[in-house]
Amino acid sequence: MKITVAGAGNVGLVTAVGFAEAGHQVTCLDTQKEKIEILEKGHTPFFEPGLEPLLEKNLSNGQLCFTTNPNQAYSDADIIFIAVGTPEKRDGAVDLSYIYAAAYTIANTIKKDVIVCTKSTVPVGTNDIIKQIFLQRKPRHLKVDVVANPEFLREGSAITDFFLGDRIVIGADNHEAASIMEQLYLPLKIPIVVTDIRSAEMIKYASNAFLATKISFINEIANLCERVGANIEEVSYGMGMDKRIGTSNLQAGIGYGGSCFPKDTKALVQLAGNVHHPFKLLESVIKVNQHQHSLPVLKVKEMFGSLKGKKAALLGLAFKPETDDIREAVSLTIIKELLEEGSIVTAFDPIAIPNAYKLLGNSIEYTTSIRQALKGADFAVIATEWDQIKHLPLDTYVAYMNEPIVFDGRNCYSLKDMGRYPITYVSIGRPTVTNLKPAQRL
Ligand code: UGA
């Protein structure tokens, strides 16, 4: 099939490359000329494991091409995926202007019948508005079927998720369009759920909101564990063995970040409010998450009192490992709060520094060496569980830091291992390991 993907962001690019790899003829359009130039050279504008080799391969074998030209992208397509950004507005609602702009352009450009499929995360009812746009703007003799096809890719494992996802959701209002979409996905051998458009839109929000709820729930249990002397790792493990609960998203820490959970939870609260149904549970999930973000600095302050002039090593800028994305990363809250307290911050990250620099400029120091970040530091805060951090020999903290005091927001190390070193180790939902009494050394 001839497929066009509108938008070369995390979702659009993986979708385009994935369908090209699956043997379809794919055109990917983006309005940003510089981005298209980078992609045409076989490079990805952001880091996603495994994406660049597949991009290069499908560019060179002619399965995939890029353009900024709507005529080239839309006029001959059988299926058009809309995968443009849906950023958050100031009030927590979703900015749908890029979605509607894409729909108008498609309506004005198509020259044959087409299925237009929304991949971007959009509030329930959005596809009905997209349908209206086509009814009003498309050439009368052409048929446009609008389908909701939310995506469930995770940054950092998006390629695996594309080919080995848990399910494909297709929301359609007619059998013919649904069945073409089913045929498209059939070779991937992933279970397919066919439903109506509004339910498909809701499945996406409900899934992200539920996953976020699991995280905030386990974080609250972790906070309780600290107060009652239990260990969250043992608790998560014991809970996750129940198949009804499941092991995923029970990793306690300093909360969720990224471009999806924070935005989508707020958008669902908005959506519920709009239909006069306050979503109290989700409101609490968001509040708990905000509290978790502030835990590291609260804990550091508890230990040091004043942080003025204290040197902090911030380990991990990306919102999660295997990505250079810092959108809504917890590291940003920690840095902001540390700077407000007068701390001097050196941040380590293997790949997210360029993105962080665009936002934070020279307010902090940056390094791609953990040892450099730790050198002379009074304390370290772990914000992202990068493998480099998890596998760091623990005596590095002792050798390089002024004071080996580690606040681990992602529970990277076992308490037993930490107990062998003269390190003060504060983690989430687990007893503190105090092999040195920091107060004596300060
Ligand atoms: C999330 C969903 O997992 C995807 O299914 C969905 O497609 C995507 O949003 C989206 O809507 O586009 P993503 O944000 O890339 O994917 O990453 P996750 O792996 O879900 O992690 C999100 C945040 O939760 C990260 O900050 C991570 O550190 C945190 N997290 C995750 C925890 O704190 N604990 C956990 O147990 C799991």
Side-chain angles (χ1 to χ4, degrees), residues 7 9-15 46-49 83-88 94 118-123 149-162 164-169 201 203-222 232-233 235-237 239-240 245-268 285-286 288-293 295 316-334 352 382-386 389 408-412 427-429:
N10 298 67
V11 174
L13 192 54
V14 172
T15 304
F46 52 86
F47 178 76
E48 181 62 48
V84 296
T86 50
E88 186 181 327
V94 183
T118 311
K119 271 251 165 243
S120 312
T121 303
V122 292
N149 176 214
E151 58 79 26
F152 302 98
L153 309 173
R154 286 163 300 175
E155 287 183 33
S157 56
I159 296 290
T160 314
D161 290 346
F162 183 89
L164 299 168
D166 290 336
R167 80 304 207 185
I168 305 287
V169 172
E201 292 169 330
I203 287 171
K204 170 68 190 189
Y205 275 100
S207 300
N208 271 4
F210 187 72
L211 293 171
T213 302
K214 278 185 92 175
I215 297 170
S216 279
F217 182 87
I218 204 66
N219 284 338
E220 278 290 64
I221 296 291
I232 191 62
E233 274 189 5
V235 174
S236 291
Y237 181 69
M239 284 172 67
I245 296 172
T247 51
S248 81
N249 283 52
L250 287 188
Q251 174 69 45
I254 46 176
Y256 59 79
S259 65
C260 305
F261 287 172
K263 174 168 73 97
D264 295 350
T265 44
K266 280 186 243 165
L268 192 52
V285 166
I286 295 168
V288 168
N289 194 52
Q290 282 161 351
H291 174 73
Q292 291 305 113
H293 287 201
L295 270 186
L317 287 162
F319 86 93
K320 63 184 267 191
E322 298 304 322
T323 178
D324 59 355
D325 196 344
I326 57 151
R327 284 175 287 176
E328 301 284 326
V330 186
S331 63
L332 300 178
T333 306
I334 299 172
I382 300 174
T384 318
E385 63 278 34
W386 280 106
I389 299 170
D408 184 355
R410 299 295 179 189
N411 290 358
C412 290
S427 54
I428 303 290

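Each ligand, and each atom within it, is numbered from 1 in the order the structure gives. Since we're looking at a predicted model, the values are computed, not measured.
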*Asks:* Around atom CZ of Phe217, are there more than 12 heavy atoms of other residues, nucleotides or ligands at under 6.0 Å?
*Replies:*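 No - once you tally the heavy atoms of other residues, nucleotides and ligands closer than 6.0 Å, there are 12 at most.
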
*Asks:* Look only at the side chain of Arg327 and the backbone of Gly258, and say whether a donor-acceptor pair between them is shorter than 3.5 Å.
*Replies:*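 No.
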
*Asks:* For ligand 1, which is the ligand I care about here, please tell me if Thr121 has any N or O atom under 3.5 Å from one of the ligand's N or O atoms.
*Replies:*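 There is no such contact.
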
*Asks:* Side chain to side chain contact (heavy atoms under 4.5 Å, CB included) with Ile218: which of Leu250, Asn249, Ile428, Thr213?
*Replies:*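 It is Leu250; the other options fail the test.
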
*Asks:* Students should be able to answer this: which protein heavy-atom is nearest to atom 34 (N) of ligand 1, and at what distance?
*Replies:*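 For atom 34 (N) of ligand 1, the nearest protein heavy atom comes out as Gln251 O, 3.0 Å.
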
*Asks:* Does Ala318 offer a backbone N or O that forms a donor-acceptor pair with the side chain of Thr384 under 3.5 Å?
*Replies:*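 Yes; judged by distance alone, with no hydrogens or angles, the pair exists.
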
*Asks:* Tell me the protein heavy atom at minimum distance from atom 18 (P) of ligand 1, and give that distance in Å.
*Replies:*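 Minimum-distance protein heavy atom for atom 18 (P) of ligand 1 reads Lys320 NZ, 3.6 Å.
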
*Asks:* For ligand 1, does Leu250 get within less than 4.0 Å through its side chain, its backbone, both, or neither, judged by non-hydrogen atoms?
*Replies:*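 The backbone, only.
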
*Asks:* Any non-hydrogen atom of Arg410 lying under 4.0 Å from ligand 1?
*Replies:*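 Right, Arg410 reaches ligand 1.
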
*Asks:* Of Phe152, Tyr256, Phe261, Tyr205, which has the heavy atom at the shortest distance from atom 29 (C) of ligand 1?
*Replies:*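 Of the listed residues, Tyr256 has the closest heavy atom.
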
*Asks:* I'd like to know if the side chain of His293 and the backbone of Tyr256 have a donor-acceptor N/O pair within less than 3.5 Å.
*Replies:*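 Looks like yes, one N/O pair under 3.5 Å.
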
*Asks:* Between Glu48 and Gly156, is there a donor-acceptor pair closer than 3.5 Å when you use the side chain of the first and the backbone of the second?
*Replies:*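 Checked: pair present.
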
*Asks:* Check whether Glu155 reaches the backbone of Asn10 with its side chain - one donor and one acceptor, N or O, closer than 3.5 Å.
*Replies:*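 Not confirmed, Glu155 side chain does not pair with Asn10 backbone.
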
*Asks:* Hey, is Gly253 one of the residues with a heavy atom under 4.0 angstrom from ligand 1?
*Replies:*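 No, that is not the case, since the closest heavy atom of the residue is not under 4.0 Å from the ligand.
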
*Asks:* Can you find a non-hydrogen atom of Lys204 under 4.0 Å from ligand 1?
*Replies:*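 A heavy atom of Lys204 does come that close to ligand 1.
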
*Asks:* Heavy-atom contacts with Glu155 under 4.0 Å: which atoms of ligand 1 show up? List them by number with element.
*Replies:*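 In order of numbering, the contacting atoms are 15 (O).
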
*Asks:* Considering only NZ, NE, NH1 and NH2 on the basic side and carboxylate oxygens on the acidic side, decide whether Lys204 and Glu151 come within less than 4.0 Å.
*Replies:*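 Yes, this pair counts.
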
*Asks:* Answer side chain, backbone, both or neither: which part of Leu153 comes under 4.0 Å from ligand 1, heavy atoms only.
*Replies:*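 For Leu153, the contact with ligand 1 is made by the backbone alone.
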
*Asks:* Mark up the atoms of ligand 1 that fall under 4.0 Å of a heavy atom belonging to Glu151, in ascending order.
*Replies:*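 Counting from 1, the qualifying ligand atoms are 7 (O), 10 (C), 12 (O).
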
*Asks:* How far is atom 26 (O) of ligand 1 from its nearest protein heavy atom, and which residue and atom is that?
*Replies:*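 I find the closest protein heavy atom is Gly257 N, 2.9 Å.
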
*Asks:* Heavy-atom contact under 4.0 Å between Cys260 and ligand 1?
*Replies:*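 Yes, Cys260 has a heavy atom closer than 4.0 Å to ligand 1.
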
*Asks:* Could you identify the single nearest non-hydrogen protein atom to atom 32 (C) of ligand 1 and state the distance to 0.1 Å?
*Replies:*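 The answer is Ile215 CD1, 3.6 Å.
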
*Asks:* Please check if the side chain of Lys263 supplies one atom and the backbone of Glu328 the other of a donor-acceptor pair under 3.5 Å.
*Replies:*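 Between the backbone of Glu328 and the side chain of Lys263 there is no qualifying donor-acceptor contact (under 3.5 Å).
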
*Asks:* So, Ser120 side chain and Val84 main chain: donor-acceptor pair closer than 3.5 Å or not?
*Replies:*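 Answer holds: yes.
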
*Asks:* At a non-hydrogen distance cut-off of under 4.0 Å, which region of Arg154 contacts ligand 1 (side chain, backbone, both, or neither)?
*Replies:*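 For Arg154, backbone and side-chain atoms both sit under 4.0 Å from ligand 1.
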
